[in-house]
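Below is one structure, written out as structure tokens; comments come after it.
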Amino acid sequence: MDGFVPPEEDGLADLTVVVPSYRRQDYLLRLIRYWARRSASVVIVDGSDVSLPDRVTSALIKHPRITYIHDNGSMSTRLRLAGRMITTPYAVMLGDDEFHLPSGLRVALSTLAEDPEAIGCMGQVVSFLPAGGFRRLTFHRTYRSMGGFSVRSADPEERFRLAFRDYTMATCYAVLRTPVWRRSWGSVEDYDSGHAAEVHQAMVVHLLGDFVSSDAIQWLRSVEHPIQPVAEGEKEGMVWFPEWWAGPEFAEQRSLFVATISNSTAEGLGLDADGCAEVVRTAAEVFVKCNHRLYEDLDPVPEGRTWRGSAASGLRSLLGALPAGVTVGAKRLRQASGRSTPGDYGPVATVLRRATADGLVVPAEAIDELSEVEDLVARFHDLRGAVGLRLGAQK
């Protein structure tokens, strides 16, 4: 934690990175190491059983830009708490085992600064996969539907139609104007479906204004952990939005879903609550009608059940894995095979050439950032394997 002073002009001082975490405190140390010397603020809301060790929290207290909060409350409680801690004009979500590239974040910030009509901007997504026992990484593009993605219209109902006829999981990890982050992630309730929480957040964003994307690599998605459900009601398997929207057992939650989104957005749209609620219900029906096959076929369906994926094993993963689009992306990534696929960027040495040929904008600093991530991940796994690092059991 030596030297808290960030680079003089790294362009991230107007941004807060919000990191919800759950029982992955060793990965939190890696994340802290990554952000400690950058000018972005970081708010970590840790729902693990116990706090980080005193020797870590005492150092974080001295850090001017990193806020660590240990709270055993629900997912929605922690997101609301994080929202109240944001003091910068912009905010972005990040999983505790993943990375945002500063170069991609800078593009998103400049895009929003130059476009007052846009309320959010998302860069492109690349997964990193281990090679040689994490001594090296290879990079693979995912969520190709984010290429050139935008939802623009003066009519919020038209934005809904554009966004949910062919849904793209773009808003979850996007750079958002802070009031939008608070109204979207900060208004999510404790549904028995993590996917419902994702759709909730996306609906609020698309209701509130235009959304755009950039061609820069922004989010480095980790495959270090298996995707597992995160909602309390998903102990028997993931509950996708179409099942949740249709299931009679979720009726009260659906009413809460519609009412909460309406209350978060109606005033800003100049609509009354009933009118906004009808827009939300219509958008949900459009989502189910146009996207159900993608989720229906995602995982093997246990006998006697529909829509729901196979039973999860082990402990619940971090909240950063909340967006169900991550699982959809994993499916698509598994389906892609062979080094000839356009989205296979290979090791750091070939990313510039292959990503540029694939239509992305890759500045020199992005390659340096990928090298930094590779080095950090390799050292982390070396240390983790050597000492069995498990901070959750220490105090």
Side-chain angles (χ1 to χ4, degrees), residues 12-25 27-32 34-36 38-52 56-57 60-61 63-100 105 108-109 112 119-122 171-191 194 196-205 208 218-219 230-232 260-261 263-265 316-323 326:
L12 301 178
D14 286 340
L15 180 69
T16 295
V17 181
V18 177
V19 184
S21 183
Y22 185 76
R23 292 184 176 177
R24 289 228 286 259
Q25 294 179 329
Y27 284 83
L28 278 182
L29 286 188
R30 186 176 76 179
L31 180 140
I32 291 166
Y34 182 73
W35 291 102
R38 294 187 161 97
S39 67
S41 297
V42 179
V43 175
I44 300 168
V45 280
D46 182 7
S48 302
D49 298 334
V50 298
S51 172
L52 280 171
V56 179
T57 57
L60 289 177
I61 289 173
H63 198 292
R65 296 177 306 282
I66 297 179
T67 301
Y68 173 80
I69 302 168
H70 177 250
D71 191 299
N72 290 130
S74 68
M75 174 264 285
S76 63
T77 297
R78 285 185 283 136
L79 287 177
R80 289 191 180 96
L81 179 59
R84 292 195 295 270
M85 303 301 295
I86 300 170
T87 59
T88 57
Y90 304 96
V92 66
M93 177 85 87
L94 181 63
D96 58 13
D97 61 343
E98 300 180 317
F99 302 89
H100 282 308
L105 293 174
L109 290 168
L112 293 176
I119 62 172
C121 180
M122 180 64 193
T171 65
C172 295
Y173 285 97
V175 175
L176 302 173
R177 300 186 190 277
T178 292
V180 176
W181 199 100
R182 291 193 182 111
R183 289 189 179 189
S184 59
W185 276 127
S187 69
V188 167
E189 298 288 348
D190 291 320
Y191 307 123
E198 173 192 329
V199 175
H200 176 135
Q201 192 266 351
M203 283 190 175
V204 173
V205 172
L208 290 176
Q218 176 185 316
W219 177 25
V230 296
E232 289 296 332
T260 304
I261 294 175
N263 291 336
S264 297
T265 58
R316 182 178 66 177
S317 64
L318 85 164
L319 178 61
L322 169 67
V326 172

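The figures that follow rest on heavy atoms only: side chains count, while hydrogens, waters and symmetry mates do not. Bear in mind that the values here come from a model prediction, so they are computed numbers and not experimental data.
Rounding to the nearest 0.5 Å gives a distance of 10.0 Å between OG of Ser41 and CE of Met85. With rounding to the nearest 0.5 Å, the separation of OH in Tyr22 from CG in Asp49 is 5.5 Å. Note that CH2 of Trp35 is 6.5 Å distant from NE2 of His100, once rounded to the nearest 0.5 Å. A distance of 10.0 Å separates CG of Leu176 from CG of Leu15, quoted to the nearest 0.5 Å. In this structure, Leu12 CG and Leu109 CG are separated by 6.5 Å, a value rounded to the nearest 0.5 Å. Rounded to the nearest 0.5 angstrom, Asn72 CG and Arg78 CZ are separated by 8.5 Å.
Residues satisfying the salt bridge (Lys or Arg N to Asp or Glu O under 4.0 Å) test with Arg80, not counting sequence neighbours, are Glu189. Applying the side chain to side chain donor-acceptor pair (under 3.5 Å) criterion to Ser48, with sequence neighbours excluded, gives Asp46. Remark: His200 pairs with Ser187, Tyr191 by the side chain to side chain donor-acceptor pair (under 3.5 Å) rule, at least two apart or across chains. Not counting sequence neighbours, Asp71 has no partner by the salt bridge (Lys or Arg N to Asp or Glu O under 4.0 Å) test. For Gln201, the side chain to side chain donor-acceptor pair (under 3.5 Å) test picks out Thr171, with sequence neighbours left out. For Arg182, the salt bridge (Lys or Arg N to Asp or Glu O under 4.0 Å) test picks out no residue, with sequence neighbours left out.
For the pairing with Ile66, the side chain to side chain contact (heavy atoms under 4.5 Å, CB included) check across Ile61, Ile32, Val43 returns one residue only, Ile32. In summary, of the residues considered (Thr67, Leu94, Leu31), a side chain to side chain contact (heavy atoms under 4.5 Å, CB included) with Ile44 occurs for Leu31 alone.
The nearest pair of heavy atoms linking Thr88 to Ala13 is CG2-O, 3.7 Å. Shown here for Thr265 and Leu208, the closest heavy-atom pair between the two residues is CG2-CD2, 3.8 Å. For the residue pair Val50 and His70, the shortest heavy atom distance occurs at C-NE2, 3.2 Å. Contact detail for Ala82 and Val18: the closest heavy-atom pair is CB-CG1, 3.7 Å. Scanning both residues, Val19 and Gly95, for their nearest heavy atoms gives CG1-C, 4.3 Å. Considering all non-hydrogen atoms of both residues, Thr16 and Ile86 come closest at OG1-CG2, 3.9 Å.
A 4.5 Å side-chain heavy-atom check between His63 and Val42 finds every atom pair outside the cut-off. For the pair Ser21 and Tyr27, the minimum side-chain heavy-atom distance is 4.5 Å or more. Annotation: side chain of Leu60 is in contact with side chain of Leu52 (closest heavy-atom distance under 4.5 Å). By the 4.5 Å heavy-atom criterion applied to side chains, Met93 and Leu79 are counted as neighbours. Between Gln25 and Asp96, every side-chain heavy-atom pair lies at or beyond the 4.5 Å cut-off. Between Leu28 and Tyr68, the closest side-chain pair of non-hydrogen atoms falls below 4.5 Å.
Between the Arg65 side chain and the Arg38 main chain, a donor and an acceptor come within less than 3.5 Å of each other. Without hydrogens or angle criteria, Trp219 side chain to Ala174 main chain gives no donor-acceptor distance under 3.5 Å.
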